[in-house]
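Have a look at the structure below, then the notes.
The figures here come from the full heavy-atom set of this structure, side chains too, leaving out hydrogens, waters and symmetry mates. Not measured: the values here are computed from a predicted model.
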Amino acid sequence: MSKIAMKTPLVEMDGDEMTRVIWKLIKEDLIEPHIDLATDYYDLGLPHREETRDQVTVDSAEATKKYGVAVKCATITPNAQRVDEYHLSQMWKSPNGTIRSILDGTVFRTPILVKGIKPYIPTWTAPITLARHAYGDVYKNAEMRIPGPGKVELVYTAPDGTESRELVHEFDAPGVVQGMHNLDESIRGFAHSCFDYALEKHEDVWFATKDTISKTYDRRFKDIMQEVFDAEYADRFAAAGIEYFYTLIDDAVARVVRSHGGFIWACKNYDGDVMSDMVSTVYGSLAMMTSVLVSPHGYWEYEAAHGTVQRHYYKYLKGETTSTNSVASIFAWTGALRKRGELDGTPELGEFADRLERTTIATIEGGRMTGDLARITELPDPETLTTEGFIEAIAEQL
């Protein structure tokens with residue numbers, strides 16, 4: 001049987017640890033037997049990021065601008081322990097943060113629902129999509145250790161040299177300080193992405209932040225979202241029978257827990273990071289969630305919305321058996337292939353992506369799954385498969 005051809009390459013961003021192992025298995029067992037795969041490959045594994053002084057991360061983002069669609073494996077954001085473990089010259093920034101700052105846009109994360117995996121919150125009968133602003137905040141911050149007494153100020157210097165100052169804190173002892181920023185243009189892009197996605201999915205949008213405390217930074221998000229909605233989307237939402245509303249983040253959490261799902265929850269960058277992990281866990285597993293960065297400039301980057309599964313990787317290195325869930329990584333590939341086919345006018349890529357997703361879900365619903373799902377499924381007598389065994393089971397059924 002001839003393989004499906006691709007007109008344009010995907011940008012492929014390889015990653016770290018157990019997800020890197022899974023990445024190779026997915027390509028070899030599920031993708032390459034059926035598709036004449038064309039990718040522009042970038043190794044974002046931490047050793048290569050160190051070797052290139054993280055230039056490879058920037059290069060991968062620029063390649064995404066060139067080709068339009070990327071698929072990314074999970075990567076390590078190093079802390080002090082990782083600096084020692086990998087002998088790093090510095091504590092490199094989050095590669096996701098770097099890529100998102102270059103591409104801008106919104107990360108949409110939606111749980112993958114399967115029969116037999118019941119949410120921890122029983123009323124969540126429909127998926128909740130997290131719309132996470134993908135620029136700025138703590139992911140592009142500046143921070144300092146303050147050694148002792150002194151004054152810290154925010155200083156804005158205009159092009160003509162005039163300065164505006166705002167006191168942050170008068171220190172009388174050691175401490176820490178950080179500065180964050182965002183851009184009106186990026187916030188407007190976030191608003192458009194959320195509202196366009198809502199019209200496509202026919203779902204309400206809830207936007208939540210903390211403007212009662214952050215009266216300038218968070219308030220700017222609230223005001224721009226409302227301005228864009230009133231000017232361009234209010235009538236279209238009314239015609240579609242959906243709504244947009246703003247609420248404080250703490251109130252939103254309470255409402256979300258009491259809800260039935262089926263809406264888009266829009267958050268600032270860090271809030272969206274935390275809340276998407278909460279939502280995916282309630283639905284069953286961090287590995288059961290799709291994630292795509294949608295840039296207002298016309299770029300798409302698909303990824304798994306979880307980490308590198310360090311604990312399993314250490315077991316793998318010792319030759320021990322692992323049972324690591326690869327569903328989110330599989331769906332990252334299917335999302336990217338579907339979008340590539342859509343942009344290039346090759347519907348057979350999208351048809352293959354749909355088939356692979358259906359097969360993955362059918363494998364789980366048929367009682368064959370990894371250990372994380374076997375522990376929570378309501379299906380009788382589930383078969384717990386190894387990391388490799390689960391991907392092999394999908395390949396057989398595909």
Between Tyr302 and Phe331, does the ring centroid distance fall short of 6.0 Å?
no
Do we see a donor-acceptor contact under 3.5 Å between the side chains of Thr75 and Asp16?
no
Phe245, Trp206, Trp124 screened by ring-ring contact (aromatic ring centres under 6.0 Å, His included) with Phe263, the one that passes
Trp206
Sort out for me which residue in Asp271, Val253, Val205 forms a side-chain contact (heavy atoms from CB on, under 4.5 Å) with Trp265.
Val253
Side-chain contact, heavy-atom cut-off 4.5 Å: Ile394 with Leu356?
yes
Candidate pair Arg109 and Thr290, rule side chain to side chain contact (heavy atoms under 4.5 Å, CB included), full reasoning:
CA-CA 5 Å; Arg109 290 181 169 173; Thr290 64; 6.0 Å; no
Between Lys151 and Glu170, is the closest basic N to carboxylate O distance under 4.0 Å?
no
Between the side chain of Asp211 and the main-chain N/O of Ser214, is any donor-acceptor distance below 3.5 Å?
no
Using the six-membered ring wherever Trp is involved, compare the ring planes of Phe237 and Tyr233 and label them parallel, tilted or perpendicular (cut-offs 30° and 60°).
perpendicular
Tyr299 and His297 aromatic ring geometry - parallel, tilted or perpendicular at 30°/60° bounds
tilted
Parallel under 30°, tilted from 30 to 60°, perpendicular over 60°: which one fits the rings of Phe207 and Tyr246?
tilted
Using a strict 4.0 Å threshold on nitrogen-to-oxygen distance, state whether Glu17 and Arg82 make a salt bridge.
yes
Taking the six-membered ring of Tyr139 as reference, does the NZ or CZ atom of Arg132 fall below 6.0 Å from its centre and within a 45° cone about the axis?
yes
Among Arg338, Lys339, Arg340, which residue meets the salt bridge (charged side-chain N to carboxylate O under 4.0 Å, His left out) test with Glu342?
Lys339
side-chain hydrogen bond (donor to acceptor under 3.5 Å, both in side chains) partner of Glu12, chosen from Tyr41, Tyr42, Trp23
Trp23
Does atom CG of Asn79 have more than 12 heavy-atom neighbours, drawn from other residues, nucleotides or ligands, at distances under 6.0 Å?
yes
